Chemist: 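Pasting a structure below so you can have a look.
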2 protein chains.
Amino acid sequence: MVKQRDDSPVEAGDAMRESPLADDLSFLLARANALSLAAGNAALAEHGLRARSYSVLALAAGDFRPSQRDLAEYLRLDPSQVVALVDGLQTRGLVRREPDPTDRRANVVVATDEGREIYRRASVSARDAEQRLHRGLTSEAREELGALLRALAFPA
Amino acid sequence: MVKQRDDSPVEAGDAMRESPLADDLSFLLARANALSLAAGNAALAEHGLRARSYSVLALAAGDFRPSQRDLAEYLRLDPSQVVALVDGLQTRGLVRREPDPTDRRANVVVATDEGREIYRRASVSARDAEQRLHRGLTSEAREELGALLRALAFPA
DNA sequence: TATTGTTATACTCTATAACTATA
DNA sequence: TATAGTTATAGAGTATAACAATA
């Protein structure tokens, strides 16, 4: 994420619409992500979460019983980063490490009842923030964007 | 960017296709950006650049004569980060700070001849990497993705 | 008074290597 | 031999605050 400022994020852009970067999908992706991450972190702050801890909590609150390795792969984090994220959530009582009965090396990360409740509330804030950010798009456009991003995010 | 691993980035995803995050545009944007940034940085490394220095050089190589402030706004960087980026490029002789004749506070950042040449070569590498990453999309899909990302990256 | 570039500082995120206990 | 989790460390990126020169 990049520093969030109060002024409009455009301004200089008006003069640079035809910059060498204007058609660069990597640049557009990075800038869109920076705005999205800034808005997401701001919305999650009242729940004591950030984007990464929120995404770990979201997966722990589902029915997948992901191992830490699963979390690392899905979230594109190094396993060592998952340790710190799970530690933080576990200290707050939002997730538990449970032994995987089929593999004594592995921990399964599951949300506690409180974790599920915090996740539920945080997901409302996150959704609100996202809708505010994407208010310029029709619901069809959002749908299309999701399909295109899924193709990039999870290549065949 | 997240650590780049040799194995497929999917794996855990197969079991989590229907995770609470699977439809989260912010998450998809973050994951797609992580892959894009990793590929971009890898492609730019042989030119001694990274995504951020490349984007500064790209704008300095255009016809805009951007001030450091312009660069900060367009790239969503703090002005203090631009100082460091321009310092690095200037030390390598790829850009110059020129006084803005209309505002003695401001520097205009322009690419040197060598900077333009490095940029030209780097842009080929960047384009190749991007095409490899987006090979799953038709050119119409890429066009559509660009339009949607522009709407998010540069809100009205 | 406000803005441009700058310095300084702290924090978060990313990347790598090595270790242990299991498989 | 390989994998899951962990520890440690370094480097890159993000966020704030303050200052001098200029508008």
Side-chain angles (χ1 to χ4, degrees), chain A residues 1-7 11-12 30-31 33-42 44-45 49-56 65-88 90 95 97-109, chain B residues 1-7 11-12 30-31 33-42 44-45 48-56 65-73 75-88 90 95 97-109:
Chain A
M1 181 182 36
V2 184
K3 180 179 182 180
Q4 180 68 290
R5 299 228 252 19
D6 287 338
D7 55 352
E11 293 184 4
R31 198 180 202 275
N33 182 56
L35 292 167
S36 164
L37 193 51
N41 279 335
L44 292 169
L49 295 170
R50 297 177 61 79
R52 302 168 82 205
S53 46
Y54 171 78
S55 59
V56 168
R65 301 182 61 78
S67 69
Q68 294 187 195
R69 183 68 47 163
D70 292 335
L71 293 172
E73 286 173 7
Y74 196 64
L75 300 174
R76 278 196 64 78
L77 300 172
D78 189 85
S80 63
Q81 302 171 36
V82 176
V83 171
L85 288 165
V86 172
D87 281 352
Q90 190 169 40
V95 303
R97 285 173 166 99
E98 293 185 358
D100 181 338
T102 72
D103 185 340
R104 281 191 297 173
R105 292 172 303 180
N107 296 326
V108 162
V109 181
Chain B
M1 177 183 41
V2 186
K3 180 181 182 181
Q4 179 68 288
R5 299 228 250 23
D6 288 336
D7 55 352
E11 293 184 3
R31 199 181 201 278
N33 181 56
L35 292 167
S36 164
L37 193 51
N41 279 335
L44 293 169
L49 296 170
R50 298 177 60 79
R52 302 168 82 203
S53 46
Y54 171 77
S55 58
V56 168
R65 301 181 60 80
S67 69
Q68 296 187 192
R69 184 67 49 165
D70 291 336
L71 293 172
E73 287 171 7
L75 300 175
R76 278 195 64 76
L77 300 172
D78 189 86
S80 63
Q81 303 170 36
V82 175
V83 173
L85 287 165
V86 172
D87 281 352
Q90 190 168 41
V95 303
R97 285 173 165 96
E98 293 185 357
D100 181 340
T102 72
D103 184 341
R104 279 191 297 169
R105 293 171 303 180
N107 297 327
V108 161
V109 181

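The model shown is predicted, which means the values in this text are computed figures rather than measured ones. A, B, ... follow the sequence lines: proteins, then strands. Residue 1 opens every chain.
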Chemist: Could you list the residues that satisfy side-chain contact (heavy atoms from CB on, under 4.5 Å) with R97(A), not counting sequence neighbours?
Modeler: Q68(A), V83(A), V86(A), D87(A), Q90(A), N107(A)
Chemist: In whole angstrom, what separates L71(B)'s CG from dT6(C)'s C1'?
Modeler: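 L71(B) atom CG is separated from dT6(C) atom C1' by 15 Å.
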Chemist: Restricting to non-hydrogen atoms, name the atom on S80(A) and the atom on D78(A) that form the minimum distance, rounded to 0.1 Å.
Modeler: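 Nearest heavy atoms, S80(A) then D78(A): OG-OD2, 2.7 Å.
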Chemist: Check this one for me: any side-chain N or O of Q81(B) less than 4.0 Å away from OP1 or OP2 of dA12(D)?
Modeler: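 It does not, given that no N or O in the side chain of Q81(B) lies less than 4.0 Å from OP1 or OP2 of dA12(D).
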Chemist: Where is the tightest heavy-atom contact between P66(B) and L71(B), given as atom of each residue plus distance?
Modeler: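 Heavy atoms of P66(B) and L71(B) come nearest at CG-CD2, 3.8 Å.
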Chemist: Take the protein atom CG of D78(A) and the nucleotide atom P of dG11(D), then report the distance between them rounded to whole Å.
Modeler: 17 Å
Chemist: So S36(B) and N33(B), side chain to side chain donor-acceptor pair (under 3.5 Å) or not? Walk me through it.
Modeler: CA-CA 5 Å; S36(B) 164; N33(B) 181 56; 4.9 Å; no
Chemist: Let's see if you can work this out: which of dT7(D), dG5(C), dG13(D) has an atom nearest to the side-chain heavy atoms of V83(A)?
Modeler: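 So the nucleotide nearest the side chain must be dT7(D).
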Chemist: Output the rounded distance in Å from CD (E98(B)) to P (dG5(C)).
Modeler: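 After rounding, the reported distance stands at 14 Å.
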Chemist: When you look at D70(A) and S67(A), which way does the side chain to side chain contact (heavy atoms under 4.5 Å, CB included) test go after all the steps?
Modeler: CA-CA 5 Å; D70(A) 292 335; S67(A) 69; 3.2 Å; yes
Chemist: Which nucleotide in the list dT4(C), dT6(C), dT6(D) gets nearest to the side chain of R69(B)?
Modeler: dT4(C)
Chemist: Where along nucleotides 18-23 of chain C does protein come under 4.0 Å, by heavy atom, of base (B) or sugar-phosphate alone (S), with - for untouched nucleotides?
Modeler: ---BBS
Chemist: Considering just the side-chain nitrogens and oxygens of R97(A), establish if one lies under 4.0 Å of OP1 or OP2 belonging to dT6(D).
Modeler: yes
Chemist: Output the rounded distance in Å from CG (N33(B)) to C1' (dG13(D)).
Modeler: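 After rounding, the reported distance stands at 13 Å.
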Chemist: What is the separation between atom CG on N41(A) and atom P on dT16(D), rounded to the nearest whole Å?
Modeler: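 Checked: the CG to P distance equals 11 Å.
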Chemist: Tell me whether R65(A) contacts the main-chain N or O of D100(A) through its side chain, where contact means a donor paired with an acceptor under 3.5 Å.
Modeler: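 No; judged by distance alone, with no hydrogens or angles, the pair does not exist.
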Chemist: So which atom in L37(A) and which in A51(A) form the shortest heavy-atom distance, rounded to 0.1 Å?
Modeler: CD1-CB, 3.5 Å
Chemist: Hey, which sits more toward the 5' end of DNA chain D by its nearest nucleotide, V108(A) or L85(B)?
Modeler: V108(A)
Chemist: Strictly below 4.0 Å: does R50(B) bring a side-chain N or O up to OP1 or OP2 of dG11(D)?
Modeler: no
Chemist: Starting at atom CG of D100(A), determine the distance to atom P of dT3(D), rounded to an integer number of angstrom.
Modeler: 17 Å
Chemist: Please give, in whole Å, the distance from dT4(C) P to L77(B) CG?
Modeler: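 Computing the L77(B):CG to dT4(C):P distance gives 16 Å.
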Chemist: Using whole Å, report how far CD of Q68(B) lies from P of dT3(C).
Modeler: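 Going from CD in Q68(B) over to P in dT3(C) covers 17 Å.
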